[in-house]
Every structure is written in C-alpha cells, then in structure tokens.
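Let me begin by presenting the structure, written as structure tokens, before commenting on it.
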Amino acid sequence: MCELLALSANIPTDMRFSFHGLTRRGGATGCHGDGWGVASFDPDGRGVHLYREDAPAAFSPIAARVASLDLRAHCSIAHIRKATQGVVALENCHPFHRRWQGREWVFAHNGNLLGPLPQTRLFVPEGSTDSEVAFCWILEQLNAAGADPADLDAIFDTLVLCARQLEQQGTFNCLISNGSWLFAHASSRLHRITRRAPFGRATLADDDLSVDFSELAGVDDVVTIVSTEPLTRDEAWLPLQAGEAVLLVGGEVVRHQPPGVPGTASPVPDRTLRRERTSG
C-alpha cells in the first residue's frame with residue numbers, strides 16, 4: 001500500500017527532516033515508488049502549495065528539491081504511493097485537493113477499498129483511485145450535513161462517521177486538513193509523536209541523518225508528526241489503534257475518538273497558538 005505523513009504545529013513549521021525520511025521509502029528503503037506528493041498550507045490557512053509527481057520519490061530531483069524548501073505551515077500532508085487501484089499517473093498521486101466553503105482541502109489515504117464505492121455528484125474524481133472517490137464523498141457528506149468548517153466538533157464527528165463507514169469496505173488510514181486543523185484516522189497502521197520542550201536529538205530510520213531540535217525550536221513550540229510507520233529510530237512513537245481518530249490543532253490533540261467505541265468522541269482541552277520557528 002502507501003505511506004502517509006503529516007505535520008501539525010503551533011507555529012509555522014517545515015517538515016523537511018520528516019519528508020526526507022519518507023522519500024527514502026519511495027523506492028530506496030521501501031517499495032512505494034509509484035508517485036509522491038506534498039501539500040503545505042500557507043500559515044494563514046488561505047492557500048496551499050501542492051507538489052506531486054508520478055515517479056519514485058527516492059530518486060526524484062523534484063522531490064529532493066521540495067525536501068529542501070522552507071515550507072513553513074501549521075498543517076502539511078505528504079504521501080508516497082504504492083498503487084493498488086488506478087494506474088501510475090499524476091492524477092492518481094496523493095494528496096488530493098479540492099476547494100469547499102471558501103477553503104482549500106487536502107486528503108491522503110493509505111489502504112484499499114473494495115466493492116462498489118459511494119457515488120458522488122458535487123465533487124467528481126479526476127483520476128481512477130478509490131482514495132479520490134472517498135475524498136469526494138467525504139466532502140459531499142460534510143456539505144450535506146451543513147457542517148461549518150469553524151465548528152470543530154461537527155467537523156470531527158462527521159469525519160469519524162465517514163471514516164468508519166469507509167473502513168467497512170477495506171483499509172482506511174487517512175489524513176485530511178483545511179489548513180486550520182489536521183484529522184487523522186487509523187484503520188491499520190498509523191503512528192504519531194509530539195515534540196515539545198525539552199527537545200532532543202532524532203535520527204531518521206531510513207537514512208544516516210540526525211537533527212537536534214533543541215537548536216531549532218523555542219521553549220513554547222509544539223510539533224506533532226503523524227506517519228504510517230515511525231520515521232526515527234531513537235524516539236518513542238505512539239501507535240494509533242484500529243478505529244482510533246484524532247483532531248489536531250497547533251500540534252495538540254483537541255478531539256479524540258477511542259477505538260471500537262461508537263459515538264464517544266471525546267474533547268481534549270485546547271491550547272493556544274504561539275510563536276514562529278522550528279523544524280519537523
């Protein structure tokens with residue numbers, strides 16, 4: 001299947017370190033060589049920078065260039081593809097992007113949905129993947145529910161219901177964001193780590209590259225990385241259980257859906273957004 005990566009931070013943050021580690025799995029240390037993509041939201045959340053290519057990320061000059069860019073954001077999503085449905089083509093590369101309710105929305109999926117997929121009318125897939133169909137359907141469910149993008153409770157509850165319905169048709173690990181928050185749902189494999197003071201050193205699992213975050217981050221900085229598999233070999237990553245979902249704002253979990261417990265998505269105390277600098 002594919003691998004996912006996302007960042008949520010309380011200050012505009014780049015994820016060059018994490019994305020470099022992910023690209024190694026796109027054909028070098030992993031078999032996910034059918035394409036890659038990165039979506040990084042402007043710090044104000046109004047625009048998104050989207051880069052995609054239908055080539056192995058590990059050997060792509062374009063991916064190497066993107067990995068060097070200083071794309072600082074409160075939310076970013078990346079993906080490397082191992083094709084299960086849909087040919088190897090640019091239109092089938094994640095993250096997928098649509099505009100709804102005056103905001104940019106991006107989505108990435110790891111898994112395989114079987115059987116007849118939900119029909120969509122407002123949002124039409126451009127490619128031939130089950131993932132893009134799922135994204136279009138999710139946006140239509142949000143639209144039908146009259147969800148306000150600023151109402152985090154309504155958004156989270158609707159996204160949890162959509163994810164649980166889709167995972168009945170197969171594996172549905174997903175990431176979705178509109179730049180203000182990050183939603184992550186685990187169906188099989190997903191991990192997260194939150195970095196905050198006191199910061200330490202981290203070494204990539206797929207390359208001999210280390211970063212001392214104490215030299216880059218401020219004392220109030222909070223950065224959460226979500227990844228299919230842990231990207232570093234010397235940090236304690238927290239696995240998400242099957243059926244578990246989280247909503248992240250500013251690097252903090254503000255809503256949490258426990259695994260296997262219907263209708264009990266629990267609120268988590270919010271934290272304020274702060275300053276400006278660090279690296280993910």
Side-chain angles (χ1 to χ4, degrees), residues 1-6 22-39 52-58 77-98 105-120 123-142 158-177 182-192 206 226-231 237 239-246 257 259-260 262:
M1 296 185 188
C2 309
E3 289 209 20
L4 303 170
L5 168 65
L22 184 71
T23 62
R24 298 295 300 152
R25 299 176 182 179
T29 63
C31 61
H32 315 285
D34 294 329
W36 62 273
V38 177
R52 300 191 301 172
E53 185 185 19
D54 54 347
I77 291 177
H79 182 275
I80 52 175
R81 185 175 185 234
K82 175 64 175 176
T84 53
Q85 295 189 38
V87 299
V88 177
L90 184 62
E91 62 268 21
N92 289 331
C93 293
H94 310 218
F96 299 106
H97 163 259
R98 292 293 189 279
W105 295 67
V106 295
F107 168 89
H109 167 229
N110 165 28
N112 190 26
L113 301 178
L114 305 174
L117 295 173
Q119 297 295 309
T120 62
F123 297 92
V124 180
E126 298 174 354
S128 54
T129 66
D130 53 329
S131 304
E132 190 180 14
V133 172
F135 179 38
C136 292
W137 180 78
I138 287 171
L139 288 177
E140 293 199 1
Q141 299 312 296
L142 290 170
T158 302
L159 290 177
V160 167
L161 290 174
C162 288
R164 291 202 160 175
Q165 181 169 336
L166 288 167
E167 70 178 352
Q168 293 178 13
Q169 293 185 239
T171 306
F172 191 70
N173 305 293
C174 79
L175 303 167
I176 188 168
S177 177
L182 171 70
F183 174 84
H185 174 269
S187 176
S188 58
R189 301 287 293 176
L190 209 57
H191 296 76
R192 63 182 171 95
D206 296 83
V226 181
S227 180
T228 299
E229 300 289 349
L231 289 167
W237 290 71
L240 276 69
Q241 304 302 311
E244 186 175 1
V246 293
Q257 173 66 47

Apply side-chain hydrogen bond (donor to acceptor under 3.5 Å, both in side chains) to [X] and list each qualifying residue two or more places apart in sequence or on a separate chain.
{"X": "Glu167", "value": "none"}
{"X": "Asn92", "value": "Ser128"}
{"X": "His97", "value": "Glu104"}

Among all residues two or more places apart in sequence or in another chain, which pass the side-chain contact (heavy atoms from CB on, under 4.5 Å) test with [X]?
{"X": "Glu91", "result": "Ala89"}
{"X": "Cys93", "result": "Arg52, Asp54"}
{"X": "Ala186", "result": "Asn173, Leu190, Leu240"}
{"X": "Leu142", "result": "Trp100, Trp105, Ile138, Leu139, Ala147, Ile155, Thr158, Leu159"}

Taking salt bridge (Lys or Arg N to Asp or Glu O under 4.0 Å) as the definition, give me every residue that meets it alongside [X], ordered by chain and number, with sequence neighbours left out.
{"X": "Asp206", "answer": "Arg25"}
{"X": "Arg189", "answer": "Glu229"}
{"X": "Arg192", "answer": "none"}

Main-chain N/O of Leu4 paired to His79 side chain as donor or acceptor, under 3.5 Å: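 Absent.
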
Without swapping roles, check the side chain of Asp34 against the backbone of Ala83 for a donor-acceptor pair under 3.5 Å.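 Here the side-chain-to-backbone pair exists.
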
Hey, are Arg98 and Glu132 close enough for a salt bridge, meaning a charged N less than 4.0 Å from a carboxylate O?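 Result for this pair is yes, salt bridge flagged.
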
Roughly how far apart are [X] [atom1] and [Y] [atom2], rounded to 0.5 Å?
{"X": "Leu175", "Y": "Leu5", "atom1": "CG", "atom2": "CG", "answer": "8.0 Å"}
{"X": "Ile77", "Y": "Ile176", "atom1": "CD1", "atom2": "CD1", "answer": "7.5 Å"}
{"X": "Phe96", "Y": "Phe107", "atom1": "CZ", "atom2": "CZ", "answer": "8.0 Å"}
{"X": "Asp130", "Y": "Gln85", "atom1": "CG", "atom2": "CD", "answer": "3.5 Å"}

Listed by chain and number, what are the ring-ring contact (aromatic ring centres under 6.0 Å, His included) partners of His109, not counting sequence neighbours?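 Partners of His109 by the ring-ring contact (aromatic ring centres under 6.0 Å, His included) criterion, ordered by chain and then number, come out as Phe172.
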
